[in-house]
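Have a look at the structure below, then the notes.
Chain identifiers are assigned alphabetically (A, B, ...) following the order of the sequence lines, protein sequences preceding nucleic acid strands; residue numbering begins at 1 within each chain.
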Amino acid sequence: MKKEILAVENIEKSFDGKEVLKNISFTVYENEFFFILGPSGCGKTTLLRIIAGFTQPDRGRVILNKKDITNLPPNKRNIGFVFQNFALWPHMKVKENIAFGLEIRKYPGDFIEKKVKEILELTKLKDVENLYPSQISGGQQQRVSLARALITNPQILLLDEPLSNLDAKLRDEMRSELKRIFKETGKTMIYVTHDQKEAMTLGTTIAVMKEKEIVQIGSPYEIYTYPRNFFVASFVGDINFLKGKIIEKIGEILKIETEEGLFYAKYKRPLNSENILFCFRPESITNKGENLIKGKMRDFEFLGNLLRLNIITERGNLFKIEILPKDFENYRNGEDIVFSIKKEDVILLEE
Amino acid sequence: MMRKKILFFSILFFLIYFFIYPIFFIVYQSFFHQNKFTLELFKIALTNYSIRKSILNSILLGIIVVITTSIIGIPLAFIFDRINFKGKSLFRILFLLPMISSPFVGAIGIKQVLSRFGSLNILLIKLNLIKNPISFFGSGFSGIVILQTLHLFPIMFLNISSALNNYDISVEEASYNLGASKIQTFLRITFPLILPGYFTASSIIFIWSITDLGTPLVFEFNQLISVKIFHMLKDINTNPVGYCLVFMILILTLPLFIFIKRYIEKIPYTTDRTVLRIVEKNLKGKSLFLLYFFFSLILFFSLLPHFSMILYSFSKKWFFSILPEKYTLEYYKIVFSHRLTKTGILNSLIYSSLSTTFDIFLGFLIGYILARWKIRGKNILDIISMMPLVIPGIVLAFGYVVTFSNTILDPKNNPVFFIILSYSLRRLPYIIRTTYSSFLQISENLEEASYSLGADNLITFKKIVFPLVSPGIFAGGILAFAFSLMEVSCSLILAIREKFYPISKVIYTLAGRVTDGPNTACSLGVLGMIITAICLFISTKIIMKKIGEFFRIG
């Protein structure tokens, strides 16, 4: 049985009459790297600020280690927070920024020194400890804000889009840094982002948000393979879709009628309607088998490891597929490109 | 929450009682006689030739000074914005110097140089360029225009500079890129972008000009509203026309304030992004020489009042000669030994330090509330606390005298409370704005980061908030101190008895004495100027920012 660290129950919040969070509930377990993923403006930062105590919810509760902390001020919560803009105090040196939390807790000086040393080591900041925030690089500032939040050993660490202020290369670097620090400290973390790549590569659990609500919670694999609706499906990756209708059910196999002909799918999730979207990911195709689709290649993008083709059918439907460059010839059939989608790789979504 | 509300409403009540109420009282008195509505006072005022003339003169004065300051200030701002040249930062400071002493002190000095038998006329006659002396000041009106222009053009310069600084140069490049000419770009892009700044600067200058009391008094030019109000205050009970004159001043100034608040500040021209401005044009050789010449000319004239004041303060004999015949330190000795000057200096120091302390305290509190609290009625506090920017000193002082006469606070018995209060209220908006913008610059995240690490309100304030905002506040405080020290309008009106005189009223009194009065007045003026300059210097060192921010409205 996994240990519950944080639970959010039925949180609702409005600003000036505009609802930003609606009936938000979820549980975060020990050692989880919990992601809240959603487009900008969906309320995810507000949710994080409610957990940290900077904002009060209109309704609902926040439970930390089985204790209701909804009305506890932020400074009594022992929840770490890494800000999007880092929020480093410009008048304090790196090491003073980091030591702050321990000084507040009135630890003895030598203990603080030892702890700061440890955390500087962990975050690789030894060289800049005596500099001011304005004198160090963006990546280093990011580490300082992480170190500052980690040093008090908070029960849970909240990160608000921590990588969005870094350039692309640094972002990749910091992503693996974060993964390492997460592994080494074993800290439970909640991470808010709009970047599906961050969520997919780092997260153990992802909660996808859309306009003030959580749409789906699951592991990255679940979210990607069994999205609950089209929003989730398209938010976590590219997807092709075709309108269709279930006309027959033979055991586990569904027979679907679409513009492009009859298709078969093996899909475990229950569906409430027979009007559905027949979907598949660009990479989950083969060159022969069932569910064949034929079309002309409109154009292509060379991605290095993969070749992405945009295929247009006679009826004018457009599909993106991704194949290995060396396999290209296998998909050609004269002027046309032909590909197949395995029954198991089909994703069916309600319209 | 309850404690917050009590504090909030106490501040609001204080400001309403000591700031809004006196103004309201004046408005009431100008429309109601023995509790009956009447327009009689306005009829008297507008049918009286002398008063009508004064109103027109005041408006004319304001408009002329706006134009003259624009002519000097706008080109200067563009030169500093667009061209690189040696000594740029030095000149930037030099062009602020005219602001460090109030024009009425300079007027005493410059009269020596530009009057009918002053240095310039004597020089011109000796050179046989003219036969009869030229009257530079005319009836005094042109003297006021000259002095005010020389004193106020830096405000135009600063505001236009900061307006230019507020937008990215690429907006102009984009215009050129799309084929617009220089003139088109100026008319369609640059001009609209600096218009809000220009309007604001013009308003400040206009209001300043029509409510200036010291300069017209020194030139003995009485046909202005401000002077009329000053003289009418003495017998306001028998002749209440003064009320409606003050009301007319409000009519001229308040709409500008409302316009700025409602429209100018709402214009979302400024960007959050860091503004890119690369100055590429370097000036060398002949054109640089021309520029220096142009600059020196402006500086010479704008510092002429100060130079002549300094010269006058050292001169033993200076009648009908170009320069003084003899020099002496005598008047500085008098400044430090004469009873009146000693009292004045001491009083000013006391008034200014107390008002500055109060300013910092109240300004910090209001700035914090405006930046951080979410509380109903915040808008009202914002508006009221910014209003002193456009409520002229004479209106405020007049209001105190009439509203609180025959109460325990009666300024005619002991004006100390109201002098300090008026000093603080007039500088309050600047302090509030400094605090407010410091708080806005400090992301709220910095405080939240501290809370999330377990710090409470007090520790967060002590360790995070205060160290970050205090340099700005401290610098603002020093400036407030310097300006209070040489404050004119309120001091002239409120300090009636000699033992309460602050420096400016002492200078005014001395200037009116025949023998060595003006010399001593100048020495005292020089002293004040030095203190102001030191304060300015220190505060710019502290904030390391453009001093201009203190002279912008809104």
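- For residues 137-171 of chain A, heavy-atom neighbours of chain B at less than 4.5 Å comprise A:Arg148, A:Ala149, A:Thr152, sorted by residue number.
- Within 6.0 Å of atom CD1 in B:Ile380, 12 or fewer heavy atoms from other residues, nucleotides or ligands are found, so the atom counts as exposed in its surroundings.
- Residues passing the side-chain hydrogen bond (donor to acceptor under 3.5 Å, both in side chains) test with B:Tyr451, sequence neighbours excluded: B:Asn457.
- Using a 4.5 Å heavy-atom cut-off against chain B, the contacting residues of residues 65-102 of chain A are A:Pro74, A:Asn75, A:Ile79, A:Phe81, A:Phe83, A:Asn85, A:Ala87, A:Leu88, A:Trp89, A:Pro90, A:His91, A:Met92, A:Phe100, A:Gly101.
- Counting heavy atoms of neighbouring residues, nucleotides and ligands inside a 6.0 Å radius, atom CZ of A:Phe54 exceeds 12 of them.
- Using a 4.5 Å cut-off between non-hydrogen atoms, no part of residues 181-191 of chain A approaches chain B.
- Few gaps surround CZ on B:Phe461; more than 12 heavy atoms of other groups in view lie less than 6.0 Å from it.
- By the neighbour-count criterion of 12 heavy atoms within 6.0 Å, atom CZ of B:Phe466 is sparsely surrounded, having that number or fewer from other residues, nucleotides or ligands.
- The parts of B:Ser450 that come within reach of chain A are both its backbone and its side chain, each placing non-hydrogen atoms under 4.5 angstrom from that chain.
- Proximity to chain A involves both the backbone and the side chain of B:Ser452, based on heavy atoms less than 4.5 angstrom apart.
- With a 6.0 Å radius and a threshold of 12 heavy atoms from other residues, nucleotides or ligands, A:Lys117 has its NZ atom at or below the threshold.
- Atom CD of A:Glu19 sits in a crowded spot, with more than 12 heavy atoms from other residues, nucleotides or ligands closer than 6.0 Å.
- Within the 4.5 angstrom heavy-atom criterion, atoms from both the backbone and the side chain of B:Leu446 approach chain A.
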